Amino acid sequence: MSQQETHRSEQTDQSPEAAAYDVRAVQDKWLPVWERLNPFQADDDSPREKKYALTMFPYPSGDLHMGHAEVTALHDVIARYWWQRGYEVLNPMGWDSFGLPAENAAIRNDEHPATYTYANIETQYESFKRYGISFDWSRRLHTSDPEYYRWTQWLFLKFRERGLAYRKSSPVNWCPNDQTVLANEQVVDGRCERCGAEVTKRELTQWYFKITDYAQELLDCLDDLEPTWPARVVTAQRNWIGRSEGAHVDFAVEGRDEPIRVFTTRPDTLYGATFMVVAADAKLAAELVTDEQRPALEAYLDDVRKESDIDRLATDRPKTGVFLGVHATNPVNGEQVPVWASDYVLADYGTGAIMAVPAHDQRDLDFAKAFDLPVRMVVDVPGEDDPATTYVATSGDGTYVNSGPLDGITDKATGIRTIIEQLEADGTGTGTVNFRLRDWLLSRQRYWGVPIPIVHCDACGEVAVPYDQLPLELPELRGADLKPKGVSPLAAAEDWVNVDCPQCGAPAKRDSDTMDTFVDSSWYFLRYCSPGYEDGPFDVEKAKAWMPADIYVGGVEHAVLHLLYARFFTKVLADMGMLEVREPFAAQLNQGIVINQGKKMSKSLGNGVSLGDQLAEFGVDAVRVTLVFAGPPEDDIDWADVSPAGALRFLQRAWRLSGDVTSAAGTPAAGGDVALRRITARTVTDAAELVESYRFNVMVARVMELVNATRKAIDTGAGPADPAVREAAETVAILLSLVAPYVAEEMWERLGHEPTVAKVGWPEVDPALLVEESVTAIVQIQGKVRARLEVAPDISEADLEQLALADAGVVKAIDGRPVRKVIVKAPKLVNIVV
RNA sequence: GCCCCGGUAGCCCAACGGCAGAGGCGAUGGUCUCAAACACCAUUCAGUGUGGGUUCGAAUCCCACCCGGGGCACCA
């Protein structure tokens with residue numbers, strides 16, 4: 001902040017002229033009043049229609065920042081609009097309060113993670129209140145409270161009973177820095193989503209949610225969400241789920257009972273399969289390899305393991321691999337094809353093995369070229385040369401050749417259908433669908449999370465902690481005890497981890513992992529419906545009344561994380577009979593981020609903008625107006641492009657109106673200046689439409705217009721006593737209550753009313769005021785404007801055409817040329833073609 | 001490589017296929033002031049990334065390309 005600006009605002013505050021708007025005094029004045037009135041507490045039993053406004057709950061790291069300010073300011077426009085429109089609005093807030101930052105802070109400061117967590121929650125809570133968001137604080141929750149995570153554990157056990165939570169040994173993503181495993185969704189470009197460290201693989205036995213059981217439904221329902229969800233989220237989820245249709249095909253191996261099963265999307269090219277490739281790191285490779293070739297495979301695996309995931313992601317690396325020494329039988333033509341192992345085939349997608357058709361898959365062709373394997377074209381694509389000579393694989397439609405019964409078929413769909421029928425008849429394959437989505441790995445080797453309520457008993461195996469013993473609370477650990485060691489810190493808490501088996505009473509051990517914090521956030525929006533409920537995670541009747549959330553405002557970074565998991569939980573709970581809806585969020589709005597000088601704010605760049613400083617200098621309302629007015633909600637806001645000082649000026653202009661009105665409160669507006677009344681009516685009507693289509697920036701612009709028009713009416717028009725001026729000023733206060741609650745409340749009081757303006761209701765509009773007395777019709781010749789006519793709004797097309805053709809300027813512009821065509825769109829336009 | 005989203009005055013952004021400008025920022029001039037700040041008034045500026053097409057008429061619809069942002073990517 002420049003010295004000058006700081007100086008200026010101080011002067012404004014201390015100005016002896018009482019006419020100046022004192023930002024701080026107004027905030028201090030209304031906050032306790034609102035606290036007392038508590039206008040935003042949602043009533044479950046209200047007869048009014050219900051709306052559920054949801055925004056992504058924050059993680060309690062430090063105080064609120066610009067990002068929180070933006071998302072909640074945008075969100076609050078909708079919530080407050082709904083209240084004004086007469087809905088009963090549920091607008092809750094809570095904290096996603098388990099997680100690594102608190103744990104890392106605890107290690108640093110030798111304290112308990114709860115200390116950091118709950119201190120920050122209090123700070124953020126106070127900041128939110130001052131920021132004037134219309135949250136219903138009576139529903140506040142924290143996912144780290146035992147009363148909350150008791151139900152997270154309950155849900156885990158219920159999911160397990162349904163076969164949707166299970167343990168398996170598998171290669172998993174491991175973050176060497178945070179010393180914990182990660183879900184697929186938390187690995188971004190081979191790096192840990194949280195800390196950026198390169199992710200490695202480990203073979204571990206871990207807990208998974210069987211989200212893949214819902215892959216098809218998660219995909220199908222996206223069609224219904226498409227109209228009301230951001231396109232990028234829908235696309236991201238579709239890509240992530242990654243459905244492909246194809247076939248499983250079995251290749252028999254001599255001397256082995258089990259055939260090698262492959263997944264392919266192109267079973268129609270089966271006659272061109274000249275070799276097979278198994279993922280080098282899959283168990284299958286080790287099983288298949290001959291003793292002779294085993295040293296070669298192991299040497300290759302050593303090389304592969306040296307490569308990080310980052311290296312593996314490079315698409316242009318040369319193909320490598322090793323022959324396993326065995327052959328398999330192509331089921332359609334009986335050919336013996338060699339089986340290779342390579343790292344370009346992924347162990348955990350499909351079956352971990354592929355049939356290689358080098359002529360029609362570029363990756364297979366590159367491999368064939370590297371190892372001098374045969375290439376056989378089976379689809380003759382018109383206009384493309386034989387891949388065996390060009391080394392460019394073809395994948396389009398063409399005529400099948402060298403393909404037995406397929407020969408002569410000319411389209412892919414028929415080819416695929418025909419070959420699948422044959423495979424199914426022979427018992428060597430089946431049509432199938434494959435998904436890219438993997439099961440959700442939920443175990444974490446860290447302390448500050450929900451303990452997994454399972455006891456491992458030598459005799460009984462996995463035993464669930466009985467429901468009546470929930471919550472299974474965390475042991476008290478702090479400081480150095482929490483240091484990551486590669487196993488959960490809970491494992492070292494001897495008193496906690498050693499228990500008697502709940503089933504047989506023998507000594508046993510608790511599961512020492514905690515749950516991914518995304519489990520906590522997969523159902524918090526349900527808990528808000530009945531936050532104190534003690535007989536289950538939520539009251540089924542209350543959830544029925546409020547769900548689904550009508551709007552969910554939050555960041556797009558959760559496109560395939562939280563938003564996918566929450567959808568999965570909702571579907572499972574629906575199947576459990578606890579929810580009527582199968583989708584949690586009816587509509588969604590993703591806000592952009594606040595940047596500065598073209599770059600993300602960061603400590604290293606030194607371009608951070610402190611929310612606290614901005615609020616201190618310009619006040620809550622001006623900051624909120626700045627964020628809402630900056631542009632469309634989805635766009636990023638560059639703080640260097642916006643002007644909180646300008647927003648404050650606007651608010652002061654608006655506020656001044658309320659002091660200028662001289663008519664008494666309650667004066668009927670009828671009979672007031674019609675021109676101003678029309679502007680007011682039009683603004684109210686448009687504002688509703690603009691809010692409903694999330695064009696909040698335009699809505700603010702329209703309020704600015706109304707303020708300008710009212711100013712003009714007071715100074716040079718109808719005058720301060722005109723009832724239309726009062727109507728306009730009151731409308732400004734109501735519209736501003738969506739964005740600038742303090743100024744709006746202050747205006748409302750100065751206009752002679754009781755608080756709170758936030759719930760006075762949306763202004764009624766006399767439809768007669770929306771009908772224009774006359775409109776300007778434009779007359780174009782060859783699409784160029786040549787004349788303007790003032791006409792009645794209900795003028796007929798014939799009359800308008802006649803009027804236009806008779807206009808002196810038009811006659812002159814036509815200049816005697818013959819009129820070939822006249823397009824009339826009454827009452828606004830006439831286009832004459834000559 | 002494939003798929004989304006966007007490109008409009010000096011800047012941020014508006015504009016049912018119909019007058020390119022709603023609003024703001026900035027700049028300039030004026031009123032007020034001893035002067036300045038604040039406030040108020042006024043003025044200022046683009047033909048919509050490029051090239052085609054559809055249309056009576058295109059910022060808007062279609063095609064290609066360029067630029068910026070994002071998603072997916074050795075997924076068989």
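To find a chain, count down the sequence lines: A is the first, B the second, and so on, and within it residues start at 1. Remember, it's a predicted structure, so these values are computed and weren't measured experimentally. The figures that follow rest on heavy atoms only: side chains count, while hydrogens, waters and symmetry mates do not.
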Using the C1' atom in both, what is the distance from B/rC12 to B/rC56, to the nearest Å? 36 Å

Between B/rG47 and B/rA35, how far apart are the P atoms? Round to whole Å, please. 41 Å

Kindly point out which of B/rC72, B/rA76, B/rG18 is positioned nearest to the side chain of A/V345? B/rA76

Of the options B/rA76, B/rG18, B/rC4, whose atoms approach the side-chain atoms of A/A231 most closely? B/rC4

Intermediate values then yes/no, side-chain contact (heavy atoms from CB on, under 4.5 Å), A/V233 and A/L563: CA-CA 9 Å; A/V233 175; A/L563 289 171; 3.9 Å; yes

Nearest to the side chain of A/F263 - B/rA76, B/rC40, B/rA14? B/rA76

A/D621 side chain to A/V743 backbone, donor-acceptor under 3.5 Å: yes

Please state the C1' separation for the pair B/rA59 and B/rA27 - nearest whole angstrom. 27 Å

Contact list for RNA chain B against residues 352-361 of chain A - heavy-atom distance below 4.0 Å: A/I354

Aromatic ring proximity A/F367/A/F275, centre distance under 6.0 Å: yes

Here's a test for you: under side chain to side chain contact (heavy atoms under 4.5 Å, CB included), which of A/L74, A/V77, A/L589 qualifies with A/Y694? A/L589

Look at atom CD of A/E689 and say whether more than 12 heavy atoms of other residues, nucleotides or ligands are closer to it than 6.0 Å. no

Whether the side chain of A/Q780 and the base of B/rG57 hold a donor-acceptor pair under 3.5 Å is what I'd like checked. no

Report the residues that fulfil side chain to side chain donor-acceptor pair (under 3.5 Å) with A/T685, sequence neighbours left out, ordered by chain and then residue number. none

RNA chain B: A/A640 or A/I823, which has the more 5' nearest nucleotide? A/A640

Looking only at atom C1', what distance separates B/rA20 and B/rA39, rounded to whole Å? 32 Å

Which helical stems does RNA chain B take part in, if a stem means at least 3 consecutive Watson-Crick or G-U pairs with both distances below 3.5 Å? B:1-7 with B:66-72, B:10-12 with B:23-25, B:26-31 with B:39-44, B:49-53 with B:61-65

Quick one: which protein N/O atoms are closer than 3.5 Å to N/O atoms of nucleotides 60-63 of chain B? Pair and distance per line, please.
none

Can a salt bridge be assigned to the pair A/D660 and A/R656 using a cut-off of 4.0 Å between side-chain N and carboxylate O? no

What string of B, S and - do you get for nucleotides 22-32 of chain B, 5' to 3', if B is base contact, S is sugar-phosphate-only contact and - is no contact with any protein heavy atom under 4.0 Å? BBSSS------

When you compare B/rG69 with B/rA64, how far apart are their P atoms, in angstrom units rounded to a whole number? 22 Å

Earlier contact from the 5' end, RNA chain B, for A/R436 and A/V830: A/V830

Can you label the angle between the A/Y349 ring and the A/F263 ring as parallel, tilted or perpendicular, going by 30° and 60°? perpendicular

Can you tell me how far C1' in B/rA58 sits from the matching atom in B/rG51, rounded to whole Å? 15 Å

Distance between P atoms of B/rC65 and B/rA14 (Å, rounded): 28 Å

Between the side chains of A/R624 and A/E70, is the shortest nitrogen-to-carboxylate-oxygen separation below 4.0 Å, so that they form an ion pair? no

Ionic contact status for A/K412 with A/D268, cut-off 4.0 Å: no

Syn within 90° of 0, anti beyond: B/rG47 is syn

Just list the side-chain donor-acceptor pairs under 3.5 Å for residues 823-834 of chain A, sequence neighbours left out, or say none.
unit_1 : atom_1 : unit_2 : atom_2 : d
A/N831 : OD1    : A/G783 : N      : 3.1

Is A/K319 positioned over the aromatic face of A/F371, cation under 6.0 angstrom from the ring centre and no more than 45 degrees off axis? no

Other residues, nucleotides, ligands: >12 heavy atoms within 6.0 Å of A/Q802 CD: no

Please determine, for the side chain of A/P632, which listed nucleotide (B/rA39, B/rA14, B/rC3) has the closest atom? B/rA14

Here's one to test your reading of the geometry: is the NZ or CZ of A/K369 within 45 degrees of the ring axis of A/Y391 and under 6.0 Å from its centre? yes

Please report the distance separating the P of B/rC63 from the corresponding atom of B/rG70, rounded so that it comes out in whole Å. 25 Å

